[in-house]
Amino acid sequence: MRLMIRLPLRGIYADKVAGEAHIRDSDLDWTLVQPVQLTNGRLTRRYRAGERLPLWGMVTISRADTAHFMVDQLTDPRYIKKVALLAY
């Protein structure tokens, strides 16, 4: 599945990699948030976040829960200078 998505979008992925490298090299306190497939579901506050998560099948997360996580990171130092993967 990843290959089928990445081949037509390889230019976009190259830009993503370059942009993330620029952020990582900065002196800022940054957090990169990588949600899995986004849905228009409701806010549940019941999601998984981690630098590595076991994922199987078509994993999703709502935009509302993704936003909830991102707002929480404004006061939570746990993921400073790290990448957070989000999923149910």
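The residues of the chain are indexed from 1 along the displayed sequence. Hydrogens, waters and symmetry mates play no part in the numbers below; they use all other heavy atoms, side chains included.
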Subject >> Co-members of the apolar cluster containing W30 [side chain, <4.5 Å] >> reply: I23, L32, V83
**OP:** Can you measure from OG (S62) to CG (L43) and round to the nearest 0.5 angstrom?
**Re:** 6.5 Å
**OP:** Measure the CG-OG1 distance between N40 and T60 for me, rounded to the nearest 0.5 Å.
**Re:** 11.0 Å
**OP:** Please list, chain by chain and in numerical order, all residues satisfying side chain to side chain donor-acceptor pair (under 3.5 Å) with Q34, sequence neighbours excluded.
**Re:** E20
Original post:
Taking a hydrophobic cluster as the set of Ile, Leu, Val, Met, Phe, Trp and Tyr residues connected by side-chain heavy atoms closer than 4.5 Å, whether directly or through intermediates, do I80 and L85 fall within one such cluster?
Top reply: no
Subject >> Closest contact, heavy atoms only, A49 versus L86 >> reply: CB-CD2, 3.5 Å
Original post:
Looking at residues at least two apart in the chain, or sitting in another chain, which of them share a side chain to side chain contact (heavy atoms under 4.5 Å, CB included) with A67?
Top reply: none
Original post:
Could you give all pairs that pass the salt bridge (Lys or Arg N to Asp or Glu O under 4.0 Å) test and reach residues 40-65, with sequence neighbours left out?
Top reply: E51-K82
**OP:** Mind jotting down which residue pairs meet the salt bridge (Lys or Arg N to Asp or Glu O under 4.0 Å) criterion with at least one end in residues 67-81? Sequence neighbours excluded, please.
**Re:** D76-R78
Subject >> Where at least one partner belongs to residues 58-77, residue pairs that pass ring-ring contact (aromatic ring centres under 6.0 Å, His included), sequence neighbours excluded >> reply: Y47-H68, F69-Y79
Original post:
For V36 and I61, which heavy atoms make the closest approach, and how far apart are they?
Top reply: CG2-N, 3.9 Å
